[in-house]
Amino acid sequence: MKFKPAKWPRKLRSAAWYEGSTKDVIYHRGWMKNQGYPDDLFDGRPIIGILNTWSDMTPCNGHLRELAEKVKAGIWEAGGFPMEVPVFSASENTFRPTAMMFRNLAALSIEEQIRGQPMDGCVLMVGCDKTTPSLLMAAASCDLPSIVVTGGPMLNGWFQGERVGAGTHLWRFSEAVKAGEMTQEAFLSAESAVTRSSGTCNTMGTASSMASMSEALGMALSGNAAIPAVDSRRRVMAQLSGRRIVQMVKDDLKPSDILTKNAFENAIRCNGAVGGSTNTVVHMLAIAGRIGVDVTLDDWDRCGRDVSTILNLQPSGEYLMEEFFYAGGLPVVLKRLGEAGKLHKDALTVSGETVWDEVKEAVNWNEDVIRPVDKPLTTNGGIAVLKGNLAPRGAILKPSAASPHLMQHRGRAVVFEDIDDYKARINDDTLDIDETCIMVLKNCGPKGYPGMAEVGNMGLPPKVLKKGIKDMIRISDARMSGTAYGTVILHTSPEAAAGGPLAVVQSGDMIEVDVAGRRLHLEISEADLAARLSKWTPRHEMAASGYAWLHQTHVEGADTGADLNFLKGCRGAPVGKDSH
Ligand code: FES
């Protein structure tokens, strides 16, 4: 798609605050000058809000304050006026009950921070899992020119001679301790080795996946996703993005020009090619809902079906983000998709060029890290969307992280009514369970937990682990960490707390899983299912007040992105009334 830039110079949105000599303008401008800005900065040049999710309590984004200085340098160089604005930062590893409950609150607050202040364009400084979607959702709702700058992944972790990935090895080591294969002391000494530098998780977890999605959507400069946080080229990328956003404002290149259906299809296919996180499904649905593009779970299944995972990165593969960068990064993956006829080549990016123009010259420097299409890590990339009487609106599974022998399976359900029930019983050796059973966890969806925690990859019972078994089928309405793995069926919709069929599964029921047939079936009659549902009463607690109440009252299902129902759609960024 050829983009037609707007005429420049022209009056910008920020002129409503800073142009002229009325009392109101003097009030706005005068207060700004107490920071030492000279007169000529208020001459109609683009004012760029650097929306920064830096926080000491979001360690993955802890270096973004320093990185913002490079963004500012780029904005000054291009003739813009940078203003850094701290925004809500929900850390995946700190927030309780789960950062996901606050993704929508962050998006809501940031949307209003953009709309209520004199910004002409935005730089979205993000990194940790929820920070990227929340800022993209806010930017999509406001539709001012916006560019993503991620903080970049941390360096490789190494422990006892082994390459260890953030998150992924936490799960592996924890299971090894339970199975008696690793000591608690060794686990403790691994703690500092796994996460040893600034940056986001170095696996293809949710942070790396969302960084890849941002680039594949066209919302970040080409090559942004994989540059390590501490590499000097990350700072160069920040400076170049600062320069670029000024021109985007002059050209009036907005998210709605970039976030088209084709862009989402490119990103969905890219997620399959990189073995991306299941969390991208719910985030991309939410972003699409904000910009007003019709993307559904069926699009995820359709576009991901014939995509092979060619990136050999943990948790599906062997390497980490540092090696992905050295191999050439995401441009190589997008080029491979383009060569295979699986990329809308003319999709527009923040550069003003098409995605194909950005990636067609990319070179692969390591074919063990980014595999050739005929030697993929798995031909089963993408996300499988299963439906049936247990998930009428869908549930998802990541085949590349699952066990091939469990792709078609019939097993006896062992049901945990909620996460506390699971924690109370899982380590009990009298629990009636073996590796052929299907573990079912309820009340962990958007409404039920509340917030849809990453508990879907529930650990196996120790008595099964001790037999050397590493995987069992698990079904829930929860999410799982993008760094996790296993035959884990997630996001079951409608969720148990909303009265979905998951709520009435009983231990002893038989469940059929058929991934190739996209089927998830509870083997009871329609009449029995209807009878059980008619007697169902909610088990989860409803918050009486505060944000938790707002969230539980208004959150939608995972199948449409788990956004708050009153935040969907693009509301733009009209200049509001003056306050004085
Ligand atoms: Fe923040 Fe992984 S926990 S990026």
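When reading the values below, keep in mind they use all heavy atoms of this one structure, side chains included, and skip hydrogens, waters and symmetry mates. Remember, it's 1-based here, ligands and their atoms both numbered in the order they're listed.
Under a 4.0 Å criterion applied to the non-hydrogen atoms of Glu92, ligand 1 contributes the atoms 3 (S). Annotation for ligand 1: atoms under 4.0 Å from non-hydrogen atoms of Cys128 are 1 (Fe), 3 (S), 4 (S). Taking every heavy atom of Cys60 and a limit of under 4.0 angstrom, the matching atoms of ligand 1 come to 1 (Fe), 3 (S), 4 (S). Listed by number with element, the atoms of ligand 1 under 4.0 Å from a non-hydrogen atom of Asn93 are 1 (Fe), 3 (S). Taking a cut-off of under 4.0 Å to the non-hydrogen atoms of Ala207, the atoms of ligand 1 that pass are 4 (S). Residue Thr200 has at least one heavy-atom neighbour below 4.0 Å for each of these atoms of ligand 1: 4 (S). Of all atoms in ligand 1, numbered sequentially from 1 with element shown, those under 4.0 Å from a heavy atom of Asp129 are 2 (Fe), 4 (S).
Contact check on Lys72 versus Glu84 returns a salt bridge, with a Lys/Arg side-chain nitrogen under 4.0 Å from an Asp/Glu carboxylate oxygen.
A cation-pi arrangement is absent between Arg479 and Tyr449 under the rule of less than 6.0 angstrom and at most 45 degrees off the ring axis.
In this structure, the side chain of Ser89 engages the main chain of Thr53 through a donor-acceptor pair within 3.5 Å.
Between the side chains of Asn156 and Glu323, a donor-acceptor pair is found at a separation under 3.5 Å. Inspection of the Ser351 and Glu358 side chains reveals an N or O donor paired with an N or O acceptor under 3.5 Å.
Summarising the geometry of His63 relative to Cys60, their closest heavy-atom pair is CE1-O, 3.3 Å, with the distance given to 0.1 Å.
Taking backbone and side chain together, Cys201 holds no N, O or S atom under 2.8 Å from atom 1 (Fe) of ligand 1.
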